[in-house]
Structure formats: structure tokens, C-alpha cells
Protein chains: 2
Amino acid sequence: MGIADKETRNVPTLASIAERVGVSVNTVSRALRAPNTVRVELRRRINAAMEELNYVPNRLAGGLSGTRSDIVGVVVTSLYYSEFASIVDTLQSGLLEQDLQVMLANTRYNPDQEVRLVRSILSWRPAAVAIIGVDHPPKVVELLKASGIPIIEMWDVGGEVIDTAVGMDHASIGAAQAAHLIAEGYARLAFVGSLRENDRRAQKRLRGAEAAVVAAGLPEIVRFTAQQNGSPDLGERLTHELLEQRPEVDAIVCNSDVVAFGALRALKRRGRRIPGEIGVIGFGDNEASSCVSPSLTTIRPDRERIGKLTAEAILARINDGAPKTTVVDWELIIRESTRRRDSQNQ
Amino acid sequence: MGIADKETRNVPTLASIAERVGVSVNTVSRALRAPNTVRVELRRRINAAMEELNYVPNRLAGGLSGTRSDIVGVVVTSLYYSEFASIVDTLQSGLLEQDLQVMLANTRYNPDQEVRLVRSILSWRPAAVAIIGVDHPPKVVELLKASGIPIIEMWDVGGEVIDTAVGMDHASIGAAQAAHLIAEGYARLAFVGSLRENDRRAQKRLRGAEAAVVAAGLPEIVRFTAQQNGSPDLGERLTHELLEQRPEVDAIVCNSDVVAFGALRALKRRGRRIPGEIGVIGFGDNEASSCVSPSLTTIRPDRERIGKLTAEAILARINDGAPKTTVVDWELIIRESTRRRDSQNQ
DNA sequence: TTGAAAGCGCTACCAC
DNA sequence: GTGGTAGCGCTTTCAA
């Protein structure tokens, strides 16, 4: 059977409601859009007819003819491991109040895909686009600028902003990670985890950390990285390689908490005492980071706040507010995996 | 400034391309949709004009006039803690190949919200809808059935299916959790975690576990649950309550791994030996579950497979394939938190 | 191979 | 308060 009967099925339209009630299409439309311009008893009958026929307005038509489309395009680089899921979640629920619908795209850190997906999103004539990052292929920037709609860049800030940005200063995060390790007495740092060519945020954090290390007069950061997705297995594998090739390393900056989980596993398997012999710091504050042992020192981004501020920025921009960039705070969460001085020092 | 210039900005249309090239709108449309019906040199000029003007087709118009809309509505109950994020991820990338766009909605386990969101999604005239669960408010079922489009219910199976389902048998999961604990010699089971009124999957698992316990002649399962989102903090709090009020309990079934993380923390704080004195089993196989200590025994749903099969089912149904229900396997992952017999027994 | 014309379902504008 | 009319930008016949 399939959906062959779709053609014969008559989805109710404004016209069918109008006919049934005996009014013009126009009146039915106003009953929805500006109810108080329609006589109350007529409105009642119209609503009854809609209810009865299970009428669902066709927003494609509405968007085509009206001035706004009520779609917000959301472009992320990943959905795995809670990295951006809760941003999308908060953003979504903020937009819901204004009946704005989220159209989702996931580039998986692939710039060609990003161009394709942005084009695809724009083809729905969204009211606004929210996108992860401030570094995009030139074509993406061109397309987004040409669209003339509000563009909110999330998660990162700095450099050229297309329109409005809500994000963190990732260089300062890297600097804080290194500074914390150095303050705890670690001196030979390594960076472990996924470091994709197109993950500019990770690169900025690494550079921030490198600057801090150089400023402290310590040897440069050793890198053990990969292009693939971060995961405990990746962290474990890279950490084993690290320990074999660079045994002098006494602290590991992981690009994400899930990578750090694997690093902890590798270190324990090799009998290295954490944080005594070697320290580990993560990034992201995974829900499990306070539950592993030793519990993981990490950076906690305020994802809810980014999602919420992005929703607010979208609404403000749609209502002709001015573009602006908001730098969102993050927090260094010190737990056991790096704390080797007395508790008085934390 | 805001976006006030949006009105004056001329977004290129098929007509503007046509005018520029000196052909009819029609020809430009065919150059996109059926390129080989257009003279090659004309096609070249048309493509050049599109490139130059940064033309992006208006799919609202296309969907309105054409037969399909290329939107797939995806309705989830949560985006937190990786519960469904990777399903959405896989699904999305499967649909991408067919240029189908995901429109996302998150009900947060609220049935009123579900009705509202399904209505909202349907108003975009999607080509199909994928939705978590097989238990929905009657209005949702009515709306989805009346829409005449393929409906794929994900994650759960059993009972009345609207059209097509791809999910797991949650009762058997609960039974397996209990059976494993019983086989390891535990006898006084508790269920801990979020147990929302509208999370039928959790309820089915609990009932499956209860049946197994009864069949084994053991006392009924003690419940310490809450309506809120599952989290380590919730697990910790409920476990403390549990241990105070029902000290005889020797095994805990947690409704999710993140809850189990909190349970482990509470147990360790109280000096209970795991798995010796008390066992803990989770659900969901969180990325950190192999990294906590003791590592967590849990159930691993095949989220990638569910996402992939859902994408395939959508494509099949759109192309007039028949509806069908697919039961997806899950796996019991035995780790340290429950393994108290010799390793030969695992 | 190309073009003209109708229409998808709705909103917006102007009469009444 | 209500209705007529003209599009929105595209696809889809049907003719040329």
C-alpha cells in the first residue's frame, strides 16, 4: 500500500474550513492570526470546524506569502557526547515560545558539508541562523551575509564576526588550563585528544596553553592528537603512545573530558599515580567528570547560558535590535586529577 | 540598524536569474531539476548567473507547489546526556543523502508539549515524521494518522504502532537487568532514578524487572524515584535515601548510567563495597561508564543502528515501501559494578 | 528544447 | 467585521 493514498487524501486547507463554515478564506485566516477582528460566535464555529477536520495550517504557504518564515536554522559541528546537544536543547526551548522552529544541520567538522548545509538551510528562508564557531569557509560567510537575516555565531568569539556572536574566549581557556597545571607544580605538559583541522576552538585553546607555557619558561607542549572524534578509547591510545615516547611528561591537557577518561584509564593501567606523578585536566565538564576516579579537573562551559543568550539574541535581532557580541564566562572546576598541593592552596 | 534593510534587499529568485540570462523562469527551473532537458551552453550561463548572484532556491515555494517538502520532522523527549543525540545524529546524516532536512522538536516528556509540537511540525508539511516512543497522547496519534505521511516511532516497540517502528523491547531489558543481578547472587533489588509519568520506556523496563524478581521468588523491587531529569546528583540523593530507609537492599537498578554514577558516589561515601556488598546496574552505556570505578555494568542500546534504520525506513516508506516494525537488539555489558562471582562465570 | 499560464495555500491590502 | 483580489516563488501541465 505505501503512501499511495496520499494523493487522494484531502488535507484540509483554509479554503475547506471557510467553505464548511460559510465564510471567506480571509476570515478564517484572520480568526487564526488576529482573533479579535472576528466576531466571537463566528470564531467559535471556525475553531470547531478546524478541530473537527484536524486542520493544521500550511506554514510553507504562510512563509511564502508572509514576511517571516518562523524557521531558525541551527548548524552544529557535532552532536556526540553532549558537546552541543544541550545548547541546541536550551536554544530550542527559548525559540519555542515565539513559535520558531529549529531546523538542524550537523557538519561533523567538514567544511564542504558546512557550505552545502548552510545553503540548504538558507533555502528554507529562515528568520535567522545560529551556527557553531566564528571560523567558516569564505563561501559560508558570503552566503550568510548575503542572506540578510540575523546570524548568531555560537560557542566561540573573536576575529571577524558576521553579525552577532555568543561564545567563549577559547585562548583564555587554554591559558587557564596551563596556568592551573603550572601552579600545581607541573612542568612538562602534553596536549592529547582530537585536534581536527577545522576545530578552530581546540586550536585556540592549545595556542592559549602554549603561550602560558612559554611565558612560564617551560618546554613547549608535546602533542599527541588525531583527526577523529574524541572518545575514551582515543584518549587511552594516545596516552599510551605519549607515555612510551615522552616519559618525561608530567601533565596532560585533554581536548575533552571523554578523552581524559581514557587518559585516566591508561595512566592507571600503567600504575602512574594521579595527581601525584602526573596531572590530567579536561575540557567540557562531562556529567561523569565528578564521578570518575580520580575526579576530573576540567573547564565548565556554560552551555545553557549560550543557548539561552542565543535564543534571546535571535529574538532581539529579528525585532531590529542591534548586533552585538557577548563573551560568556566559563569556570575552572578543580577536582582531584590535578590537585597535588594542600587543600589550602586550591 | 537591525535588519531593517531586509525589505529593500532583493534576494535573487528564479525570475531574476531568468531575466539576467534572458530565458523563461521555467527553463531555469528545469536547469536545476532536470538539467539534461536544457541546452548545455544555456545551462552553463544559467549556472554562472546563479553562482554570481548567490542564488539559493526558495524551498518554501518549492514545497508548496511541488509534491514533496523535503522536511522530516524529528520529535524527541530529551536531548540531555546523549540519550537521543546520537540517534538524531545518525538519522540526520542518513537523510542528508536524500536532501531531506531535519526539523527538530523536543517535548521534554511533556504530553501537552508533544501535542503542540507535533501540530507545529505537521504544519511544515513534512515528508515524514520520526518520533520517540510508541505511547503518545490520543491527539498526537490522531494528528499523525490524519497527516497521511510515513510515521516512524523510534526507541520503543510493542503495543499499537501508528505506522512503522524501530526500537527495543524495554520489558526484556528490565528482565535482563534483574536476571543478571539475581544470577550474581543479589536478592533485594531497588530501582533508582527518574521515573516520569510519561516515560513509558522506563516503566516497561521496571515492570520487566519486577516480573523477573517475582518469578525468582524474591521480594518486590523497592523504588526510589523522582519526576525530574536523571543526573548524578539525583542518583546520589536517592541512593542516600534508599540506604537509610531500606538498608537490606543489595542491588540497585538505575534508570540511566548518569544516575548510576551518582549512586556509585553515594555508596562509596558510605563505605559500601561494590560489587561485594551491593551491586549497581545502569542503562544506556554512557561514554564514561567504562571509566568510572568500579566500571559500570549496563545495557547498551544500539543508537546508531536505530538512527540508521529509521533513516532507511523513512526513505523506504516515502518510496511506497510497506510499514513494518523492526526490533533492535541491545547488549548487556557486564563490568565490575555487579560482577562478584569468579570471572569464569561471566 | 523552450515558453506561457495555472495554481500550490496562504497573507496582505483595500474595499465594502 | 468581512470579503475580494493580488501576489509570494516555485513546479507542472500543455503548446509551440
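Remember, it's a predicted structure, so these values are computed and weren't measured experimentally. Side chains are part of it too, since the values below use all heavy atoms of this structure and drop only hydrogens, waters and symmetry mates. Sequence lines set the chain letters: A, B, ... in the order given, protein chains first and strands last, and positions in each chain run from 1.
A:L60 has its CG atom 13 Å from the P atom of D:dT11, to the nearest Å. Counting to the nearest Å, the C1' atom of C:dG9 and the CG atom of B:L64 are 5 Å from each other. With rounding to whole Å, B:R30 atom CZ is found 8 Å from C:dG3 atom P. A:I17 has its CD1 atom 13 Å from the C1' atom of C:dG9, to the nearest Å. Atom pair A:N58:CG and C:dC8:P shows a separation of 12 Å (rounding to whole Å applied). Remark: P of C:dC10 and CG of A:L14 are 4 Å apart, rounded to the nearest angstrom. In this structure, A:E19 atom CD and D:dG3 atom P are separated by 14 Å, rounded to whole Å. Rounded to a whole Å, the CG atom of B:L32 is 16 Å from the P atom of D:dG9.
Counting only distance, with no hydrogens or angles, the side chain of A:T164 and the backbone of A:K324 share a donor-acceptor pair below 3.5 Å. With hydrogens and angles disregarded, no donor-acceptor distance shorter than 3.5 Å links the side chain of B:S86 to the backbone of B:D89. Between the side chain of B:R303 and the backbone N or O of B:E83, at least one donor-acceptor pair lies under 3.5 Å. For the pair B:R43 (side chain) and B:P35 (backbone), a donor-acceptor distance under 3.5 Å is present. A donor-acceptor pair under 3.5 Å links the side-chain atoms of A:E153 to the main chain of A:I162, judged by distance alone. Formation of a donor-acceptor pair under 3.5 Å by the A:N106 side chain with backbone atoms of A:S78 is found in this model.
For the OP1/OP2 pair of C:dT2 and a distance below 4.0 Å, the side-chain nitrogens and oxygens of B:T27 include no atom meeting the criterion. Between B:S65 and D:dT11 there is no side-chain polar atom (N or O) within less than 4.0 angstrom of OP1 or OP2. Proximity of B:Y55 to the phosphate of D:dG9: no side-chain N or O atom is located under 4.0 Å from OP1 or OP2.
Note on A:R59: nothing from the nucleic acid sits closer than 4.0 angstrom, heavy atoms only.
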Go through it in stages, so that I can follow the logic: the residues are A:R59 and B:S120, the test is side-chain hydrogen bond (donor to acceptor under 3.5 Å, both in side chains), and I'd like the CA-CA distance, side-chain angles, deciding distance and then a yes or no. CA-CA 9 Å; A:R59 296 224 256 171; B:S120 181; 2.9 Å; yes
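The side chain of B:A61 approaches D:dG9 more closely than any other nucleotide in the set D:dT11, C:dG3, D:dG9.
Listed by residue number, the members of residues 36-47 of chain A with any heavy atom below 4.0 angstrom from DNA chain D are A:T37, A:V38, A:R39, A:L42.
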